[in-house]
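Quick note: numbers below take in every heavy atom, side chains included, and nothing from hydrogens, waters or symmetry partners. Fair warning: this is a prediction, and the values are worked out from it, not measured in the lab. So that the names make sense, note that chain A is the first sequence line, chain B the second, and so on, each numbered from 1.
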Amino acid sequence: MTAGAGTLHPRLQEIAEDFGAVPDKERLQLLLEFSDELPPLPARYAEHQDLLEQVPECQSPLFLAVEVDGDGTVHLFFDAPREAPTTRGFAGILYAGLDGLGAEEVLNTPAEFSSQFGLQDLVSPLRLRGMAAMLARIKRHVREQRA
Amino acid sequence: MTVALPYDSAPKFQDYARPEMLVTTEWLAEHLEDPGLVVAESDEDVLLYETGHIPGAVKLDWHTELNDPVTRDYVDGAGFARLMSEKGITRDATLVLYGDRNNWWAAYALWVCALFGHPDLRLLDGGRTKWIAEGRPLDTGAPQRPRADYPVIERDDTRFRAFREQVLAHLGQPLIDVRSPGEYTGELLHMPDYPQEGALRGGHIPGAKSVPWSRAAADDATFRTRNELAAIYQAEAGLRPDDDVVVYCRIGERSSHTWFVLHHLLGYPRVRNYDGSWTEWGNSVRAPIRRGENP
């Protein structure tokens, strides 16, 4: 199933709907759950941090790596400290929403997707732009590796 | 009516101009259960409180709670009274603030509370970092405080706050720019790692001395001793004891920390925080700007 350009993939859409369904306070709690559920780096990255790319648009340190399989499946890897739960939470949303999708599906994710989680009034706009920057970098990696 | 809490008699604090403005982690641990005490956490990361906070501490969020949601300003008297009442903070409460990153945002929250003249404000020396480093307890539960009846007190913007026009009139008198060296010289239009919160022009207000705010903090996030602070702000930056000082940064948060240091720890009688800071000055038509390393 492929989402058309400009619409969220159903997996990301479902996450956005979960966020939309709860009141403000619980929305932050939900973001915290995504932060907690972000998987640790596999050894090949944990032992080679230099293979990760930093996303300087995030207010707290965030590093990521992207792999595209021969069949076009995208795998995402993130590293962010526990003391930066908001940034980790954004990475967690991207992981839960995009990891394992096809390259086209990842590339079709709209750049302004971060406005779909109802977090604008809870999190500063600057931080939300950090999430958009993560997506932009993920897409760039996907394009480069597919080429 | 609650009884005022005793001051922390820690020897390090006694050298500061207002020792009563700080408490140690030991003092806080000992008084945590005292009626009349409210602890509030204010962080840069809006989710950090939820991951675990000092038991009983309420959360005070600068972005969603201390700012007016529409106008670039802080909440007004009625808004502040509503906020404090909801948090269960009475006007006679001893309010101890703490937070992440050397108390950066906690100092900002304290400064906003000072605009409303909350009588007993204190900062936890070392903040969240030191409390956790010492292995002290954290709690993830939401504190249940009864709603308070905080009176409507109008904000006093004359004592601790400076506006653009006042800064223009202040030119030639002491100014401290607390941003990073790259922002001061004009090389960077934003804080390192905070790319989009920028200004159209780079540089600093003419005459401002550069003293990055975090120099006032030691490695364990506590404030440096009075002698160390005097060496930085007096010997190095050349402030004289009776100077009228204006401090600024990008939106006024980092400079709240320096405001606290200059006014409460070093005892400067008149220190105002220009919260418009560089995001106003650097976007302001015809505002004088200097670039480079010299004031």
ask   = Does CZ in A:Arg137 sit with more than 12 non-hydrogen atoms of other residues, nucleotides or ligands closer than 6.0 Å?
value = yes
Over 12 non-hydrogen atoms of neighbours within 6.0 angstrom of CG in A:Asp71 = yes
ask   = Hey, what do you get for CZ (A:Arg88) to OG1 (B:Thr51), rounding to the nearest 0.5 Å?
value = 11.0 Å
ask   = Where do A:Leu28 and B:Lys59 come nearest, in terms of heavy atoms and distance?
value = CD1-NZ, 3.6 Å
inquiry  = For the CZ atom on B:Arg82, are there more than 12 heavy atoms of other groups (residues, nucleotides or ligands in this structure) within a distance under 6.0 Å?
reply    = no
key: Gap between atom OG1 of B:Thr64 and atom CD of A:Gln120 - 0.5 Å precision   = 13.5 Å
Leading residue by heavy atom contact count with chain B [cutoff under 4.5 Å; candidates A:Gln29, A:Arg82, A:Glu83] = A:Glu83
ask   = Is the CG atom of A:Asp50 crowded by more than 12 outside heavy atoms at less than 6.0 Å?
value = yes
inquiry  = Can you tell me if B:Glu293 has over 12 outside heavy atoms packed within less than 6.0 Å of its CD?
reply    = no
query = More than 12 foreign heavy atoms under 6.0 Å from CD of B:Glu134: is that the case here?
reply = yes
request  = With chain B as the partner chain, list the residues of residues 31-38 of chain A whose heavy atoms fall under 4.5 Å from it, by residue number, and write 'none' if nothing qualifies.
outcome  = A:Leu31, A:Leu32
